[in-house]
**Q** 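I'd like to ask some things about the structure below.
Note that ligands are numbered from 1 as they come in the structure, with each ligand's atoms numbered from 1 the same way.
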Amino acid sequence: MGETVETVTGPIAIGQLGKTLVHEHFAFGYPGFSGDISLGAFDFQEALRVGISVAESVMAHGVKTVVDPTPNECGRNPELLQKISTETGLQIICATGYYYEGEGATPYFKFRQGLGTAEEDIYEMFIKEITDGIGTTGIKPGIIKLASSKDQITGYEKMFFKAAARVHKETGISILTHTQEGTMGPDQAKLLVEDGVNPQSIIIGHMCGNTDAAYHLKTLEWGVNIGFDRFGIQGLVGAPYDKERLITLIGLLNSGYEKQIMLSHDTVNYWMGRPPVLPEQVEKIMANWQPVYLFEEIIPKLKVAGISDETIAILFEENPKKLFLSKSSVKA
Ligand SMILES: [Zn+2]
């Protein structure tokens, strides 16, 4: 089969990936959601119903694969993803990893950090899931998820970066990140590349949280990929407006960086715990936060700006392939 990547239904050839959305959540919950069980209990059947409808809607736009990088402690549910995949035929890649210090569930590994074993423990967790699957499901993650805070990569977060670099070097697995409020993109790239990670195997996420071209160039210089992966998120979590994202994106595409950019929405399609109630004003500007928004609204705008179909195919098809292909540099 040649080079393969793990999906929630097993390995597929890289060539089978097709049009890919690199960052969407079928289900997500902020850690702590499980305590709100009386009002926000997880409804597997409802999450499945929503997930199937989302899968069908993106497949209608030609999407073959979705990467769902939900962190382990944010409600990651490989069996739900597997069921969505088998019901619809959409290929789904899940992740192994923990969220950033401010919004993750930190006490478990902080306790072990105090004991001095955490980095090794995290390394073992990654290797175990990649080799044998998540828990008893047999479902293997196809990517490692990392995350950092606003304006810093904390000591807690660095343990995950270090462990991930080591695992990447041993297994070839790719790495996808969360940056907070448009900060630390260049620093994440530097940390991983200097630790020996193949730049082509890295996607620095949420880069569209920053509209400063210099910030992007300083990240791209490391040879890594970047995600303009929050289209539709406006007026929340420190995000810029889509029209600003578009200006930055078009500038980078016109400067020849199309081989290092991927697009997505970072949608949450089913909230674990009670769904959030947004203020009316925010609700209005967030109305486009849907997994087909890129295809319905953003791509037409890119075309009007002179971006070719060929470039758009590079963003959605060629680049995801290369992100997962770079395994080839690792010899078993
Ligand atoms: Zn996300």
**Q** Quick check: does His25 have an N/O/S atom under 2.8 Å of the Zn ion (ligand 1)?
**A**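 So His25 does bind the Zn ion (ligand 1) by this criterion.
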**Q** Quick one: do Lys218 and Glu221 make a salt bridge, cutoff under 4.0 Å?
**A**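 A salt bridge is absent here (no side-chain N lies under 4.0 Å from a carboxylate O).
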**Q** Answer yes or no: is there an ion pair linking Lys110 with Glu101, defined by an N-O contact shorter than 4.0 Å?
**A** yes
**Q** Contact between Leu192 and Ile175 at the side-chain level, heavy atoms closer than 4.5 Å - yes or no?
**A** yes
**Q** When you measure from the Zn ion (ligand 1) to each N, O or S atom of Asp266, which atom gives the shortest distance?
**A**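 Relative to the Zn ion (ligand 1), the closest nitrogen, oxygen or sulfur of Asp266 carries the name OD1.
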**Q** Check whether the ring centres of Phe231 and Phe295 lie less than 6.0 Å apart, and answer yes or no.
**A** no
**Q** Are any N, O or S atoms from His206 nearer to the Zn ion (ligand 1) than 2.8 Å?
**A**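 It does not; every qualifying atom lies at 2.8 Å or beyond.
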